[in-house]
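Notes follow the structure.
Numbering of ligands and ligand atoms starts at 1, following listing order. One-based numbering along the sequence shown.
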Amino acid sequence: MDKVYLTWWQVDRAVFALAEEIRKHFMPDVIVGIARGGLIPAVRLSHVLGDVELKVIDVKFYKDIEERMEKPKITIPLHGSLEGKKVVIVDDVSDTGKTLEVVIEEVKKAGAKEVKVACLSMKPWTKVVPDFYVFRTDKWIVFPWEEFPVVVRE
Ligand code: 5GP
């Protein structure tokens with residue numbers, strides 16, 4: 001699969017674009033960041049939107065670029081209640097959409113009053129189109145936090 005490499009600067013601009021869209025339509029009480037890929041955008045968004053409370057959920061699905069497990073598995077569940085809260089779920093990318101499906105269900109089970117999804121990117125084939133996203137691509141995205149600049153020091 002072709003890859004597209006993003007820089008920190010591009011990701012940060014994308015986060016600001018997301019924040020602007022979210023602010024226009026929906027001010028969340030809580031952001032739910034999906035580990036690992038959604039955490040950095042989720043932390044950044046929670047600051048940019050004005051110190052919105054952040055909760056974390058961890059879902060494992062991919063073993064490698066094109067190798068998935070049978071279905072996404074929650075490895076760290078949501079902590080505490082979301083009773084009556086307006087929630088934005090944040091992930092890096094909606095690919096098959098299956099991770100988001102599982103998380104949306106969990107967030108609703110936790111009592112959220114309104115649920116929206118924000119991703120930096122989406123694939124054209126996803127079954128969960130985020131309410132807010134910045135760009136579409138059919139390539140494998142490499143985020144800046146996934147790269148290892150090799151610096152060898154003696
Ligand atoms: P989905 O459940 O939508 O297939 O996949 C969701 C998760 O898989 C994302 O949260 C992300 O961590 C990972 N993923 C899917 N596609 C990509 C991609 O193109 N690049 C990276 N870095 N991760 C991806």
Side-chain angles (χ1 to χ4, degrees), residues 1-22 25-26 28 30-49 52-80 82 85-110 112 114-151:
M1 192 188 283
D2 285 345
K3 291 183 181 173
V4 56
Y5 291 81
L6 297 185
T7 64
W8 284 104
W9 171 239
Q10 286 169 320
V11 168
D12 212 39
R13 278 176 43 191
V15 168
F16 271 83
L18 264 187
E20 205 174 314
E21 280 309 299
I22 293 171
H25 298 100
F26 183 77
V30 178
I31 287 173
V32 170
I34 306 178
R36 286 183 300 176
L39 288 190
I40 292 175
V43 168
R44 191 75 177 119
L45 261 177
S46 84
H47 285 284
V48 173
L49 287 174
V52 178
E53 184 188 347
L54 177 71
K55 285 184 186 287
V56 173
I57 186 167
D58 188 23
V59 182
K60 293 271 174 287
F61 190 24
Y62 283 71
K63 292 182 187 162
D64 208 337
I65 287 191
E66 277 170 293
E67 196 191 348
R68 300 183 186 100
M69 300 178 332
E70 214 170 284
K71 56 180 188 168
K73 189 169 167 250
I74 296 177
T75 46
I76 301 176
L78 272 175
H79 181 72
L82 290 172
K85 302 282 188 188
K86 294 200 294 182
V87 176
V88 171
I89 297 168
V90 176
D91 207 355
D92 48 359
V93 44
S94 179
D95 194 317
T96 62
K98 289 184 180 175
T99 300
L100 284 168
E101 245 180 8
V102 168
V103 175
I104 291 167
E105 201 187 310
E106 280 304 294
V107 166
K108 286 185 176 161
K109 264 201 260 167
E114 247 186 291
V115 184
K116 302 274 187 211
V117 174
C119 293
L120 298 173
S121 179
M122 63 166 267
K123 305 286 170 84
W125 48 76
T126 183
K127 57 174 169 170
V128 179
V129 175
D131 300 285
F132 310 104
Y133 68 92
V134 183
F135 69 100
R136 284 161 56 115
T137 179
D138 58 2
K139 299 188 171 65
W140 184 265
I141 307 161
V142 181
F143 292 95
W145 49 86
E146 296 172 326
E147 288 180 85
F148 297 93
V150 182
V151 180

[atom] [closest protein heavy-atom partner, distance rounded to 0.1 Å]:
| atom | answer |
| --- | --- |
| atom 1 (P) of ligand 1 | Thr96 OG1, 3.3 Å |
| atom 9 (C) of ligand 1 | Asp92 OD1, 3.4 Å |
| atom 20 (N) of ligand 1 | Ile141 O, 2.7 Å |
| atom 2 (O) of ligand 1 | Thr99 OG1, 2.5 Å |
| atom 10 (O) of ligand 1 | Asp91 OD2, 2.7 Å |
| atom 7 (C) of ligand 1 | Tyr62 CE1, 4.0 Å |
| atom 24 (C) of ligand 1 | Trp140 CH2, 3.3 Å |

Checklist entry - Got an N/O contact under 3.5 Å between Gly37 and ligand 1? => result no

Next on the checklist: Under 3.5 Å between any N/O of Ser94 and any N/O of ligand 1: does that happen in this structure?
Outcome noted: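 Between Ser94 and ligand 1, no N or O pair is found under 3.5 Å apart.
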
Item to check | Contact summary for Ala14 and Val134, nearest pair of heavy atoms | outcome: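 Nearest heavy atoms, Ala14 then Val134: O-CG2, 3.4 Å.
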
Item to check | Glu114 versus Lys86, closest heavy-atom pair with distance | outcome: OE1-CD, 3.4 Å

Checklist entry - Would a distance-only check, ignoring hydrogens and angles, find a side-chain to backbone donor-acceptor pair under 3.5 Å from Thr75 to Asp58? => result yes

So, does [X] sit close enough to ligand 1 that a heavy atom of it is under 4.0 Å from the ligand?
| X | answer |
| --- | --- |
| Lys123 | yes |
| Ile34 | no |
| Gly97 | yes |

Checklist outcome for this item: Counting from 1 in the order shown, the ligand 1 atoms closer than 4.0 Å to a non-hydrogen atom of Phe143 are 21 (C), 22 (N)

Checklist entry - For ligand 1, which atoms sit closer than 4.0 Å to a heavy atom of Phe61? => result 2 (O), 4 (O)

Pairwise side-chain contact, [X] with [Y], heavy-atom cut-off 4.5 Å (strictly under):
| X | Y | answer |
| --- | --- | --- |
| Ile31 | Leu49 | yes |
| Phe135 | Ile141 | yes |
| Phe132 | His25 | yes |
| Leu6 | Pro144 | yes |

Checklist entry - Would you call Lys98-Glu101 a salt bridge at under 4.0 Å N-O? => result no

Next on the checklist: Please classify the Asp95 to ligand 1 contact at 4.0 Å (heavy-atom distances, strictly less than): side chain, backbone, both or neither.
Outcome noted: both

Checklist entry - Taking heavy atoms and a distance under 4.0 Å, where does Glu146 meet ligand 1: side chain, backbone, both or neither? => result side chain

Item to check | Step-by-step side-chain contact (heavy atoms from CB on, under 4.5 Å) determination, Leu120 to Val93 | outcome: CA-CA 6 Å; Leu120 298 173; Val93 44; over 6 Å; no

Checklist outcome for this item: Partner of Asp95 under salt bridge (charged side-chain N to carboxylate O under 4.0 Å, His left out), picked from Lys139, Lys123, Lys127, Arg136, is Lys123

